[in-house]
Amino acid sequence: MSTALSTTTAYARLEIRRTLRDQGFVISTLGVPVMMYLLFTNLGGQNDPAYRTAAMVGMAAYGALGAALSLGGGVAEDKSNGWLRQLRITPMTPRRVVTGRALTGAVVVLPSIGAVLLAGGLVNGVRMPVLQWVAVALALWLGSLPFTLLGLGNGYRLTPQATGAVNVACNLGLAVVGGLWFPVELFPDWLASVASWTPTYRFAEAARALAEGRVPGTTAMVLLAGWAALFGTYAAVSYRRSARTI
Amino acid sequence: MTKEPAAVLATVTKTYGPVRAADGLDLTVRRGETVALLGRNGAGKSTAINLLLGLDTPDSGRVALFGGEPDRAVAAGRVGAMLQEGRPVPRVTVRELVGFVASTYPAPMPVADALSLAGLTALADRRVDRLSGGQAQRVRFAVALAGHPELIVLDEPTSALDVEARGEFWAAMRGYARRGNTVLFSTHYLEEADSFADRIVVVDAGRIVADGTAEELKRSAGGALVAVDLDGAPAAFLAGLPGVTEVEVRGDRARLRTDDSDATVRALAARDAIRGLEVAPLTLNDAFLALTRGRDDRRARDTGQGTTQDAARATAPNREPIR
């Protein structure tokens, strides 16, 4: 059991290294969210501290979303270059390979979250008690799980090209409709009611509540758990289907 | 340890759409043997290997590694493999990759040993996706060796290597086999099968058409080659001579494959047709062509085409000739 665990973490370490060496990943999940956050909050005289905090959480969520989805790109890439097939003839079981990948996802979302929160605290002067920072970061981290599962599902199901396209569509669609870029309050009513069902909206809502010193609502938790279950099933089905052909 | 063979395929079939990639494969690889799977591209070598490794499940028949399910032997770390398809793993160094794969095995060889056996010591810190084709192929070899497996399976291991690298590769492979390990490799290079395998298994159209040493293969293909100058005489009579199984005319020279070279030569002499006479044993190449051509002929007949070699080739235009 201990060897199984150490193999899984060794695999995750390898994949984390590979992910962080991907310049495209670093730019799109660190550079872009931080830049967008600083632009949105410092252009056009938006000096409202509440907005700076809310936008910080939204952009950190956006970065985590992108990082989690990009996991699928890696899986699809390794499916097509034969690495997943090579792994099948090592003593490492396929289940541990998936676990290692999910673990990779859990780690590679952290830099995006950290970078935007740092930009909020250091550049934009967002102030919160330490415990509240920790709670927000933790909520953003845990809340990214459904998107990690969605990314895995895409990666196991689709070709690298299709994964790239679907990830971009998921990323932009979920970010915009979920209100990660612009507050949902600016949306027309119909779009706002669509937004309230999205996982991204509930994800950011829970983290924003914590940033404002409130406890996240039950609706948000239930909906997020529901999305996690749905994407988890999608990932499991995609994985099982592809395991026969890898 | 029991005496179970390292690998067994027993009347295994596998169909991909209309293609019978394995059509009743029977193969046993004993422990400590080095066996070559020899066949043209598309003959079914990779299918046989994928079935053996448990990467594919057969439609029927039995597959066993060390007497059990392939998955079990793989999970126990008794198997290492170098697959044919596959591009370099992006964004990882040679040492990281080989080190990781080694770490998944229960009793790996030291990473430095695997790197040095594969001739990668100087490239250890280079990224795998920035190596040349031949270097990347050596990385896949190191990956196959890293776990120090009892059975190593290599699918066309030298296809991207130049002559010198090929020599180094086989030297390393021999060293590995000499330690009592079992090696199964596929190739379409006859001389590789001839020089490095204890046994050659010829695969054609998803079936095993011959299995033995190079000498046995030459013998089972039958006979010898007799060549004479035609001197302008019509070639038609040649096919009727005693012993002759095949006639090939190139320009003014006829090459006859014969079961009984003495009788053939006597008959030629009786007709005073022995100008430029040459009698030679079959080369492995001739044996290979004879062993695999029979099936092509049958298929050619099935499709209503001629039975000459060219027509047979035409039924399989995607195949590369054996080099």
Side-chain angles (χ1 to χ4, degrees), chain A residues 1-27 70-71 73-97 99-101 103-104 108 155 159-160 164 240 242-246, chain B residues 16 46 49-50 52-57 65 70-93 95-108 127-130 136 139-149 151-155:
Chain A
M1 204 50 222
S2 71
T3 52
L5 191 66
S6 68
T7 308
T8 310
T9 52
Y11 176 59
R13 273 203 306 279
L14 183 84
E15 293 302 346
I16 290 163
R17 240 183 245 167
R18 290 183 55 208
T19 309
L20 297 181
R21 275 180 197 150
D22 183 350
Q23 288 160 357
F25 172 86
V26 173
I27 291 168
S70 77
L71 199 63
V75 169
E77 182 185 34
D78 288 346
K79 204 168 56 179
S80 84
N81 66 31
W83 175 226
L84 288 184
R85 204 167 164 82
Q86 185 71 44
L87 281 172
R88 275 189 61 194
I89 44 176
T90 68
M92 194 171 170
T93 60
R95 196 176 289 268
R96 276 187 256 154
V97 174
T99 313
R101 280 284 185 178
L103 213 60
T104 305
V108 300
T159 63
R240 256 183 238 130
S242 80
R244 270 173 269 143
T245 53
I246 286 169
Chain B
Y16 297 106
S46 293
I49 283 176
N50 289 340
L52 261 183
L53 293 171
L55 291 171
D56 252 326
T57 44
L65 290 182
D71 286 356
R72 241 180 53 203
V74 168
R78 305 179 77 173
V79 186
M82 181 170 169
L83 301 173
Q84 187 186 1
E85 67 270 22
R87 299 186 300 279
V89 185
R91 302 181 301 280
V92 62
T93 69
R95 192 195 309 277
E96 286 166 354
L97 185 68
V98 176
F100 164 71
V101 172
S103 78
T104 65
Y105 281 79
R127 266 175 58 165
V128 174
D129 49 356
R130 290 179 184 160
V139 172
R140 297 196 292 123
F141 176 48
V143 163
L145 280 176
H148 207 262
L151 167 67
I152 190 161
V153 179
L154 310 157
D155 198 356

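Lettering of chains follows the sequences in order, A, B, ..., and the numbering in each one begins at 1.
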Problem set entry | Positions in residues 15-23 of chain A that reach chain B, provided some heavy atom is under 4.5 Å away | Arg17(A), Arg18(A), Arg21(A), Asp22(A)
Exercise. Tell me, side chain or backbone of Val101(B) under 4.5 Å from chain A's heavy atoms, or both, or neither?
Worked result: side chain
Exercise. Between CZ of Arg91(B) and CG of Asp129(B), what distance do you get to the nearest 0.5 Å?
Worked result: 7.5 Å
Exercise. Looking at Arg96(A), Arg13(A), Glu77(A), Met92(A), which one has more heavy-atom pairs under 4.5 Å with chain B than the rest?
Worked result: Glu77(A)
Problem set entry | Spacing of Ile49(B) atom CD1 and Leu83(B) atom CG [to the nearest 0.5 Å] | 8.5 Å
Problem set entry | Proximal component of Thr93(A), with respect to chain B [non-hydrogen, under 4.5 Å] | neither
Problem set entry | Tyr11(A) OH to Thr99(A) OG1 distance, which is reported to the nearest 0.5 Å | 10.5 Å
For this session: Report the option among Gly74(A), Ala10(A), Gly82(A) that has the most heavy-atom pairs separated by less than 4.5 Å from atoms of chain B.
Result: Ala10(A)
Seminar exercise, completed: Scored by heavy-atom pairs under 4.5 Å with chain A, the best of Thr57(B), Val153(B), Asp56(B), Asn50(B) is Asn50(B)
Problem set entry | Toward chain B, the part of Ile89(A) with a non-hydrogen atom under 4.5 Å | both
Exercise. Should the ring pair Trp83(A) and Phe100(B) be called parallel, tilted or perpendicular, given that the plane angle runs from 0 to 90° and is split at 30 and 60?
Worked result: perpendicular
For this session: Enter the distance from Leu14(A):CG to Leu97(B):CG here, rounded to the nearest 0.5 Å.
Result: 7.0 Å
Problem set entry | Full working for side chain to side chain contact (heavy atoms under 4.5 Å, CB included) between Met82(B) and Asp155(B) | CA-CA 6 Å; Met82(B) 181 170 169; Asp155(B) 198 356; over 6 Å; no
Problem set entry | Heavy-atom contact with chain A under 4.5 Å, split by part of Pro90(B) | both
Problem set entry | Euclidean distance, Ile152(B) CD1 relative to Leu145(B) CG, rounded to 0.5 Å | 4.0 Å
Problem set entry | Expected output: side-chain Lys79(A) to main-chain Leu84(A) donor-acceptor under 3.5 Å | no
Problem set entry | Whether Tyr105(B) side chain and Val79(B) backbone form a donor-acceptor pair below 3.5 Å | yes
